[in-house]
Amino acid sequence: STIVLVFEAPHDFEFAVSAGQKVKVGQMLGDL
Amino acid sequence: LVEAWQNTPTKWYPLPVAAGALLLIVIQYRRKSTAREVVVDEHGHEVVKLKGPWHVHVIGALPLRNLSRVWGYVNSLELPVWFRPIGFRIYAAAFGCNLDEIDPPDLTQYASLGEFFYRKLKDGARPIADAVLVSPADGRVLHFGVIKDGRIEQVKGSTYSLDALLGVARPDSPAPTPVHFPEHEMSEVDHRHFAEINGIEYSLHELLGTPTPSSSGTSTPVVQSSPAHSEDAAHTGTAAKRSGERIDASVPRDQSIPETVAQDVSMATEVGIRPTAVRRDSFTSVRTKPGNNTYFIVIYLAPGDYHRFHSPAAWVVERRRHFVGDLFSVSPWMAKRLENLFVLNERVALLGRWKHGFFSMVPVGATNVGSIKINFDQTLRTNVGKRRDHPVGTFTEAVYSGASPVLNGQPLMKGDEMGGFCLG
């Protein structure tokens with residue numbers, strides 16, 4: 001199963017993860 | 001033949017440079033024209049077809065939905081109590097589950113593998129980070145980035161359409177005609193009729209639960225139906241199986257609306273959304289505001305992962321679109337080989353908004369986990385019905401406007417449990 005998030009955010013939004021990284025519920029994915 | 005094969009000398013000579021260049025141009029042109037070729041149906045929705053190497057077509061010919069249901073049935077069978085701890089420990093060791101964080105910790109209390117798969121976690125097992133966007137699930141980040149020209153990159157060099165993923169009509173196509181019931185018809189929110197409480201504006205008509213006057217002849221009707229109708233439509237698929245048809249699957253509107261307003265206004269403050277931004281029919285296209293980008297991120301849940309999902313941000317879910325589709329595996333192996341994988345598979349697109357604009361979350365099913373549950377939507381039934389009755393690209397839509405009169409949707413705080421994936 002997979003979850004796709006699609007969202008609008010300001011230009012200065014940055015992802016805080018890398019491709020292939022394991023994540024857990026509540027872990028930061030990105031921030032402004 | 002053997003003699004010719006062994007004794008014929010190989011003579012290499014260069015092709016003319018112009019011929020080589022011409023060949024490259026032709027290859028590039030064909031690649032580009034294939035990538036840009038988009039077929040749309042009469043509603044303006046992109047028609048997506050199975051594309052990939054031969055083994056993908058072989059997998060596509062299998063009865064994946066039936067296999068998924070059989071898999072779900074087998075895994076719902078009750079296991080003998082003595083076997084449960086042994087069986088679940090073997091499963092946990094094979095797939096890397098952490099048994100220390102499950103709730104309840106007593107393995108004999110999980111009657112079947114299906115129950116164990118949909119296990120809960122202990123309170124506090126997943127702290128929520130102080131960031132605007134957090135992970136909705138345990139899993140692995142497959143891909144992320146900025147959406148350009150309405151295309152989401154699946155893997156390097158392969159993209160799929162955002163419009164097809166969310167069921168949005170292409171801008172150059174006529175909008176679908178919504179099917180509605182005149183006796184329940186409501187008009188689009190009139191932006192001129194708003195009041196303000198504690199610095200937050202809200203619609204007077206939403207507050208009072210009265211029909212709104214039409215605004216300058218551009219209103220779009222919104223369907224509101226009784227819960228019984230919603231259930232029928234969702235279960236049988238006869239009343240709302242074509243794209244553009246809508247039902248209201250949210251909690252019936254409370255008659256004592258003023259009592260709920262304070263809660264809604266409080267929630268609006270926490271979510272950070274000004275209710276004046278509400279437009280009832282805002283998802284005929286996704287437009288990015290100036291100064292913003294549209295981003296995407298894909299998270300893959302492996303079989304051993306915790307399979308419930310939580311809200312990744314503070315947002316309001318205004319509607320869901322259930323796309324009946326195939327149930328291919330969504331493993332990274334398949335994602336590399338099957339184009340449009342996430343558009344072909346059965347999925348539930350939850351559409352709404354957060355303080356920065358548009359927000360959506362799309363749980364995509366797979367062969368082993370075809371069932372998707374949404375906690376605040378009891379009418380949703382996935383992995384039922386026949387695939388041939390639901391052409392790719394069509395969906396059943398439900399609106400959650402009754403869940404919160406002020407916010408016009410189901411408000412969710414960061415980390416709230418939203419639902420999950422079940423076996424089969």
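Letters A, B, ... mirror the listed sequences (proteins, then strands); counts begin at 1. Only a predicted model underlies this, so the values are computations on that prediction, with no experimental measurement involved. All values below were derived from every heavy atom in this structure, side-chain atoms included, with hydrogens, water molecules and symmetry-related copies excluded.
Residues B:Leu121 and A:Val25 have side chains not in contact (no heavy-atom distance under 4.5 Å, counting atoms from C-beta outward). The shortest distance between side-chain heavy atoms of A:Leu5 and B:Pro136 falls below 4.5 Å. The closest side-chain heavy-atom distance from A:Lys24 to B:Ser135 is not below 4.5 Å. Annotation: side chain of A:Phe15 is not in contact with side chain of B:Val141 (no heavy-atom distance under 4.5 Å). Under the 4.5 Å side-chain criterion, counting only non-hydrogen atoms from C-beta, A:Phe7 is not in contact with B:Val132.
Contact tally against chain A (heavy-atom pairs below 4.5 Å) for B:Ile297, B:Asp305, B:Ile147: the top residue is B:Ile297. Looking only at heavy-atom pairs under 4.5 Å with chain A, the residue among B:Gly365, B:Ser360, B:Pro303, B:Ala366 that has the most is B:Ser360. Options B:Val364, B:Thr367, B:Val369, B:Val298 differ in how many heavy-atom pairs under 4.5 Å they form with chain A, and the most are formed by B:Val364. Contact tally against chain A (heavy-atom pairs below 4.5 Å) for B:Pro363, B:Ser311, B:Ala129: the top residue is B:Ala129. Chain B forms more heavy-atom pairs under 4.5 Å with one residue of A:Gly30, A:Ala9, A:Ala16 than with any other, namely A:Ala9. Of the listed residues (A:Asp31, A:Asp12, A:Val17, A:Leu32), the one with the most heavy-atom contacts under 4.5 Å to chain B is A:Asp31.
Side-chain atoms of B:Tyr300 never come within 3.5 Å of backbone atoms of A:Gly20 as a donor-acceptor pair (strictly under, hydrogens ignored).
Proximity to chain A is limited to the backbone of B:Pro127, based on heavy atoms less than 4.5 angstrom apart. Only the backbone of B:Asp130 comes within contact range of chain A, judged by heavy atoms closer than 4.5 Å. Of the two parts of B:Leu350, neither the backbone nor the side chain holds a non-hydrogen atom closer than 4.5 Å to a non-hydrogen atom of chain A. Both the backbone and the side chain of B:Tyr295 have a heavy atom closer than 4.5 Å to some heavy atom of chain A. Heavy-atom distances place no part of B:Ile372 under 4.5 Å from chain A, backbone and side chain included.
Shortest non-hydrogen contact noted between A:Val6 and B:Phe358 is O-CE2, 3.8 Å. The minimum heavy-atom distance between B:Ala137 and A:Ile3, with the atom names listed, is CB-CD1, 3.8 Å.
Residue A:Glu8 is tested with B:Asn292, B:Thr294, B:Asn293 for a side-chain hydrogen bond (donor to acceptor under 3.5 Å, both in side chains); the sole match is B:Asn292.
The structure places CG of B:Leu423 at 9.5 Å from OG of A:Ser1, a figure rounded to the nearest 0.5 Å. Here the straight-line distance linking atom OG1 of A:Thr2 with atom CD1 of B:Ile299 works out to 9.5 Å at 0.5 Å rounding.
The neighbour count for B:Lys148 NZ, taken as heavy atoms of other residues, nucleotides or ligands under 6.0 Å away, does not exceed 12.
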